[in-house]
Number of protein chains: 2
Amino acid sequence: MADDLSLKQRSILQFLEEFIADHDYPPSIRDIQNGCDISSTSVVDYNLKRLEEKGYIRRDREVSRAIELLNGQGERRRRTIAVPLLGKIAAGRPIPTPPDTLSAGGYEDTIELTEEQTGGRSNVFALRVEGNSMIDALINDGDIVVLEQTDTCDDGEMVAVWLKGENETTLKKFFREGERVRLQPMNATMSPIYTAADNVAVQGRVVTAIRSL
Amino acid sequence: MADDLSLKQRSILQFLEEFIADHDYPPSIRDIQNGCDISSTSVVDYNLKRLEEKGYIRRDREVSRAIELLNGQGERRRRTIAVPLLGKIAAGRPIPTPPDTLSAGGYEDTIELTEEQTGGRSNVFALRVEGNSMIDALINDGDIVVLEQTDTCDDGEMVAVWLKGENETTLKKFFREGERVRLQPMNATMSPIYTAADNVAVQGRVVTAIRSL
DNA sequence: GCTCGCACGGCACATATGTTCTGTTCGGAA
DNA sequence: TTCCGAACAGAACATATGTGCCGTGCGAGC
């Protein structure tokens, strides 16, 4: 952890964590004073200044409770993104709606992901996988896949594509082969789909998979 | 979404989201007033009261910036837990330290997970998987497994166990067979380990696996 | 038209809260 | 010892901020 902090500073930092976890808003200087048994507000202020210098927090002057926790390297932390869960998908079955749904509000559910998990990307959505047709990609029934919205991709990437003619969306590995496209299921027992390049529209690229046991 | 809200209330709610995302602390009433082009603080207060009645926010009286976003059903939202990343593990290689490390602060890194992902459990830790010795459990090199700390488990559960004699920790499926224990690797090409029941100490049960692509 | 409640405007007020100033204590360097 | 800066105490101060009060416009219902 951090060894460049005094006991009091460590105690303040821990109190900050707990207080924010409890209230979802930061404590005032006097809250910290009471919570850490500190004798004076100026001592709190003094140590907060040190913590800010060392990159553990950020403060806005003149603003009450304006303390933001950083990760010790001066970077922001604890932030989640509500990722829309657009529906279920099996390799072959459609997503409920061709997802222009994103910008609208036409999804029922969201899951919270951290920036770590989305890689800081903003155009992400999630799908719940049904069936075990993607077993070779280590994705099982019930898993959630997180996709980055895109309309292009490289060969071999795992993408959700919309088949215009069939009007359905499916999760496959994408390979361009001249004028046509090979969509490879991630299950050795299933055969690839071949279709004209202009029949497919890439919807998103898989960036993360999450499984609960 | 919500259709029981006035335009102004919706605007306030959205401003709250953006402000908190920007600053990590909630806005004051006057911040909202400016941000939403509202003419008076009392109008903001009035609408905040309505929002609180309808379960979209929670407020602490007399406390500045004490606005907590709820999910519309009166439940809290957006909360992450810093889960300690204790080290790397391969089916067979040890965790750096036999994890009493947990309560101390002897880990280098943490990952942020949402309560959704930890299932609300508090005693969780994470390990990064090395090698593909757990491929049959759909866990690959580089994946992160999240474990719930426990010292008991049922047959067939995927657990981290500490082998006292060998002084190493490994990730296996656990089967009790009379006086001995079978530790089954999750790779068909690898053989199970048989050892005395009192030689194994269960460290944790796998609850989630996360893969980034 | 009249009443009444809802949403709003304006403003003063009380207090919650960050800041600052003056000292004090204490340990190490000179 | 003396000097000096880090850390702390205590209190006053300035302002940031929530709250309450009084009034207005307006549409619904009678």
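Values in this document were obtained by computation on a predicted structure and should not be read as measured data. Reminder, nothing fancy here: chain letters follow the sequence lines and each chain counts from 1. Keep in mind that the numbers below use all heavy atoms, side chains included, and drop hydrogens, waters and symmetry copies.
Between Glu52(A) and Lys49(A), none of the side-chain N atoms (NZ, or NE/NH1/NH2) sits under 4.0 Å from a carboxylate O, so this pair counts as no salt bridge. Salt bridge status for Asp143(A) with Arg211(A): present, with a side-chain N to carboxylate O gap under 4.0 Å. Ionic pairing of Arg128(B) and Asp141(B) is not present here: no N-O contact between side-chain nitrogen and carboxylate oxygen is shorter than 4.0 angstrom. Comment: Asp198(B) does not engage Lys164(B) in a salt bridge, judged by the lack of any side-chain N to carboxylate O separation of less than 4.0 angstrom. Look at Arg176(B) and Asp154(B) and you find no salt bridge, because none of the NZ, NE, NH1 or NH2 atoms lies under 4.0 Å from a carboxylate O.
Summary of the strand contacts: Asn47(B) and Pro27(A) both lie near DNA chain C, and taking for each the nucleotide with the nearest heavy atom, the more 5' one is attributed to Asn47(B).
Distance CG (Asp60(B)) to P (dG18(D)): 12 Å, rounded to an integer number of Å. Remark: P of dT17(C) and CD1 of Ile38(A) are 17 Å apart, rounded to the nearest angstrom. One can place CZ of Arg50(A) at 9 Å from C1' of dA6(D), the figure rounded to the nearest angstrom. Atom-to-atom, CZ of Arg58(A) to P of dG18(C) comes out at 15 Å; the value is rounded to the nearest Å. Nucleotide dG18(C) holds its P atom 11 Å from the OH atom of Tyr25(B), rounded to whole Å. As rounded to whole Å, 8 Å separates atom P of dG18(C) from atom CD1 of Ile32(A). Put simply, CG on Leu5(A) is 15 Å from C1' on dA7(D), counting in whole angstrom units. Atom pair Tyr46(A):OH and dA6(D):P shows a separation of 6 Å (rounding to whole Å applied).
The aromatic rings of Tyr25(A) and His23(A) sit tilted, their planes meeting at an angle between 30° and 60°.
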Worksheet item: What does nucleotides 10-17 of chain D look like as a protein-contact string, B for base, S for sugar-phosphate only, - for none, at under 4.0 angstrom between heavy atoms?
Response: BB----SB
